[in-house]
Amino acid sequence: MDAGSGAEPHRARGRLGAPCSGARAPGAPWARFSAWLECVCVVTFDLELGQALEKSSICYLSFPDSHSGCLGDTQFSFRIRQCGGQRRPWHTDDRHCDSGAPASLQREHAHYFGYVYFRQVKDSSARRGYFQKSLVLVSRLPFVRLFQALLSLVAPEYFDKLTPCLEAVCNEIDQWPAPVPGQTLNLPVMGVVLQVHIPSRVDKPESGPPAQRSHENLLPAPVVLSSVHELDLFRCFQPVLAHVQMLWELVLLGEPLVVLAPSPAVSSEMVLALTSCLQPLKFCCDYRPYFTVHDSEFKEFTTRTQAPPNVVLGVTNPFFIKTLQHWPHILRVGEPRMSGDLPKQVKLKKPSRLKTLDTKPGLYTAYTAHLHRDKALLRRLLKGLQKKRPSDVQTALLRRHLLELTQSFIFPLEHYMASLMPLQKSITPWKTPPQIRPFRQDDFLRSLEHAGPQLTCVLKGDWLGLYRRFFKSPHFDGWYRQRRKEMAQKLEALHLEAICEANIEVWMKGKSEVEVVDLVLKLRERLVRAQGHQLPVKEATLKQARLYIETVISSLPKDLQVILCPP
């Protein structure tokens, strides 16, 4: 088996926890490469040794298991927990990119994504009779569409020309601009230019097929990717369209869910589609697009001594039906069929009907949906199939439905949360800002009568019951923590603005040196936080705060000035 390669092929053989070129500084070698990728791995199956690489999790996840029978070229993805050991320090550019990115597309601190291009073809010269090799891109960025496109260009060429081709590609990636949110970038690789837009948190959600962006008269004309991360949702959900709303509820509530699919490609796409259907709400649970019995967390996920974890787990080995029978929800999907008609829809079945190995496709669950099914949506999608409507239009319909459903659910929570914020007129410059009031679930549920989801959504059902279960889920905890953090930062920013709008010289009269020095230290701390993109403060406010600091320090005795402003 070949070890990992990348910017520095030999160094990448070490722990996955270390970057392939060490902690990077802005001008360090491979700094731009590291903004996109952690490393590149090449995995070859050896008849006698198996996947004989010390990074065994990556090895096993880079090959379809024996039940998949994947011949030819296959692409899929996985996600693994970072092992212990030294973690690469976050670079300032990474933090800037994360602060501007939507919550669901920020870099993962504790996990890696693996994007795999696997080839298995007959080869009489090989002892096993087959050529079996995977090219894997390891990254912290969840840009599945971009990295799949990159692999489709690089992998076939690499399998023919091997290492020199890969080294050239790594050098090209090391020339790419940083993935700054809100920018449209041209990324040259192997004579092709990939044009991508890096999503920003201020982008409006797409309600239709994405518009083509300017090619800027580039030669060669760029290959424009409509998204760096969005999958063909309609194709992924075709066998489960009748149950999309129930699956949305299960994902919203963070329920443990197993996806048993015929191949890693189907498994990983279904899991990623499920985790994306909550946007713009961040998916806060664990998920594994492709998981094997060799994974280091196999025992953790299959133990019966405790409740199943909040994970969406994609598997292909039927053995999991036996080991995960105690999980409350198992989705068994068959081979994808892309004919003109809608594929046979999986049926709802009771978990007791699960059978080992020969389990038929179906959603095995005892869960009862809180909301009524939107039959109009299914009719529109079926009509689109009959009229041979393009898949991207079908996906746009489905994505808009899920987006509006999530927004209708979240808006009442946002409205109530906003009411907990102190009024701006109560924020005065020289007093500690008032506290954000606590979130009281009963008060929120009472508010639904006049400000509930019925204002924006026509679906009927037990919305109160859904909210009550949502309060117990990791997604409520994640949403609440993030919103409260943003509100606290806004409160701090408003307080800083109030200070900068006040007359500092009037305040200083009669104040002790201790009080004046305390003000300097507090203003400096907030300046540091604001400049690190942690406070939503205008540049004019920052400029005024710096001026105030200079004014206050100049009023102090010389010995204190030297301490506060050392030469």
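Atom set for the values below is all heavy atoms of this structure, side chains included, hydrogens, waters and symmetry mates excluded.
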Requested in this report: Check the angle between the aromatic planes of Phe319 and Phe298 and answer parallel, tilted or perpendicular using the 30° and 60° thresholds.
Outcome: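 Correct class here is parallel.
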With a 4.5 Å limit on heavy-atom distance, are the side chains of [X] and [Y] in contact?
| X | Y | answer |
| --- | --- | --- |
| Trp463 | Gln454 | no |
| Leu466 | Leu252 | yes |
| Pro309 | Trp327 | yes |
| Leu331 | Val258 | no |
| Leu241 | Leu398 | yes |
| Val315 | Val259 | no |
| Gln75 | Val116 | no |
| Leu105 | Pro102 | yes |

List the atom of [X], the atom of [Y], and the distance in Å for their closest heavy-atom pair.
| X | Y | result |
| --- | --- | --- |
| Ala101 | Gln106 | O-NE2, 3.4 Å |
| Pro434 | Pro422 | CG-CB, 3.6 Å |
| Pro181 | Pro199 | CB-O, 3.3 Å |
| Ala273 | Leu231 | N-CD1, 4.1 Å |
| Pro239 | Val333 | CG-CG1, 4.5 Å |
| Ser227 | His229 | OG-N, 3.0 Å |

With a 3.5 Å cut-off and no angle check, do the side chains of [X] and [Y] form a donor-acceptor pair?
| X | Y | value |
| --- | --- | --- |
| Ser408 | Thr456 | yes |
| Glu249 | Tyr367 | yes |
| Gln245 | Arg373 | no |

Does the ring center of [X] lie less than 6.0 Å from the ring center of [Y]?
| X | Y | answer |
| --- | --- | --- |
| Phe143 | Phe113 | no |
| Phe118 | Phe63 | yes |
| Phe291 | Phe78 | no |

Report task. Please step through side-chain hydrogen bond (donor to acceptor under 3.5 Å, both in side chains) for the pair Tyr60 and Asp295, ending with a clear verdict. Result -> CA-CA 8 Å; Tyr60 285 113; Asp295 197 286; over 6 Å; no
To the nearest 0.5 angstrom, please state how far the [atom1] atom of [X] sits from the [atom2] atom of [Y].
| X | Y | atom1 | atom2 | value |
| --- | --- | --- | --- | --- |
| Trp479 | Arg484 | CH2 | CZ | 12.0 Å |
| Gln407 | Leu402 | CD | CG | 11.0 Å |
| Leu247 | Met270 | CG | CE | 7.5 Å |
| Lys347 | Lys360 | NZ | NZ | 9.0 Å |
| Glu269 | Leu233 | CD | CG | 10.5 Å |
| Thr316 | Phe76 | OG1 | CZ | 9.0 Å |

Check whether any side-chain N or O of [X] sits under 3.5 Å from a backbone N or O of [Y] as a donor-acceptor pair, and report yes or no.
| X | Y | value |
| --- | --- | --- |
| Thr275 | Val271 | yes |
| Ser62 | Ile58 | yes |
| Tyr416 | Arg440 | yes |
| Ser77 | Gly114 | no |
| Ser139 | Trp36 | yes |
| Ser134 | Val136 | no |

Query raised in the report: Can you name the side-chain hydrogen bond (donor to acceptor under 3.5 Å, both in side chains) partners of Ser200, sequence neighbours left out?
Result: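 If we apply the side-chain hydrogen bond (donor to acceptor under 3.5 Å, both in side chains) test to Ser200, skipping adjacent residues, there are no hits.
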**Report entry** Trace of the side-chain contact (heavy atoms from CB on, under 4.5 Å) decision for Asp392 with Asp232
**Finding:** CA-CA 7 Å; Asp392 63 337; Asp232 185 338; over 6 Å; no
Requested in this report: Go through the structure and list residues passing ring-ring contact (aromatic ring centres under 6.0 Å, His included) with Tyr115, not counting sequence neighbours.
Outcome: Phe147
Query raised in the report: With sequence neighbours excluded, what pairs up with Tyr287 under the ring-ring contact (aromatic ring centres under 6.0 Å, His included) test?
Result: Phe283
Requested in this report: List the steps and the verdict of salt bridge (Lys or Arg N to Asp or Glu O under 4.0 Å) for Glu297 and Arg288.
Outcome: CA-CA 11 Å; Glu297 291 147 291; Arg288 303 304 168 91; 2.8 Å; yes
Is it the case that over 12 heavy atoms from other parts of the model lie below 6.0 angstrom from the [atom1] atom of [X]?
| X | atom1 | value |
| --- | --- | --- |
| Lys349 | NZ | yes |
| His326 | NE2 | yes |
| Arg481 | CZ | no |
| Gln441 | CD | yes |

Report task. Before giving the answer on side-chain contact (heavy atoms from CB on, under 4.5 Å), spell out for Asn310 and Asp286 the whole-Å C-alpha distance, their side-chain angles and the decisive distance to 0.1 Å. Result -> CA-CA 6 Å; Asn310 303 103; Asp286 199 355; over 6 Å; no
Query - Gln424/Leu494 under side-chain contact (heavy atoms from CB on, under 4.5 Å): CA gap, chis, key distance, verdict - result: CA-CA 8 Å; Gln424 189 165 349; Leu494 290 171; 3.7 Å; yes
Query raised in the report: Under the ring pair (Phe, Tyr, Trp, His ring centres under 6.0 Å) criterion, do Tyr480 and Phe471 qualify, and how do the steps go?
Result: CA-CA 10 Å; Tyr480 176 72; Phe471 289 145; 10.0 Å; no
**Report entry** Partner of Glu108 under salt bridge (Lys or Arg N to Asp or Glu O under 4.0 Å), chosen from Arg140, Arg79, Arg81
**Finding:**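 Only one of Arg140, Arg79, Arg81 forms a salt bridge (Lys or Arg N to Asp or Glu O under 4.0 Å) with Glu108, namely Arg79.
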Query raised in the report: Under the salt bridge (Lys or Arg N to Asp or Glu O under 4.0 Å) test, which residues partner Arg469, sequence neighbours left out?
Result: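 Residues passing salt bridge (Lys or Arg N to Asp or Glu O under 4.0 Å) with Arg469: Glu255.
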Report task. For the pair Arg201 and Asp203, evaluate salt bridge (Lys or Arg N to Asp or Glu O under 4.0 Å) and give the outcome as yes or no after the intermediate values. Result -> CA-CA 6 Å; Arg201 65 191 314 165; Asp203 290 346; over 6 Å; no
Report task. Any salt bridge (Lys or Arg N to Asp or Glu O under 4.0 Å) involving residues 402-412? Give me the pairs, sequence neighbours left out, ordered by first then second residue. Result -> none
Query raised in the report: Can you list the steps and then say if Leu274 with Trp248 is a side-chain contact (heavy atoms from CB on, under 4.5 Å)?
Result: CA-CA 7 Å; Leu274 287 168; Trp248 175 84; over 6 Å; no
Identify each donor-acceptor pair in which a side-chain atom of residues 444-453 lies under 3.5 Å from a protein atom, sequence neighbours left out, and give them as a table.
{"residue": "Arg446", "atom": "NH2", "partner": "Asp443", "partner atom": "OD1", "Å": "2.4"}
{"residue": "Ser447", "atom": "OG", "partner": "Phe444", "partner atom": "O", "Å": "2.5"}

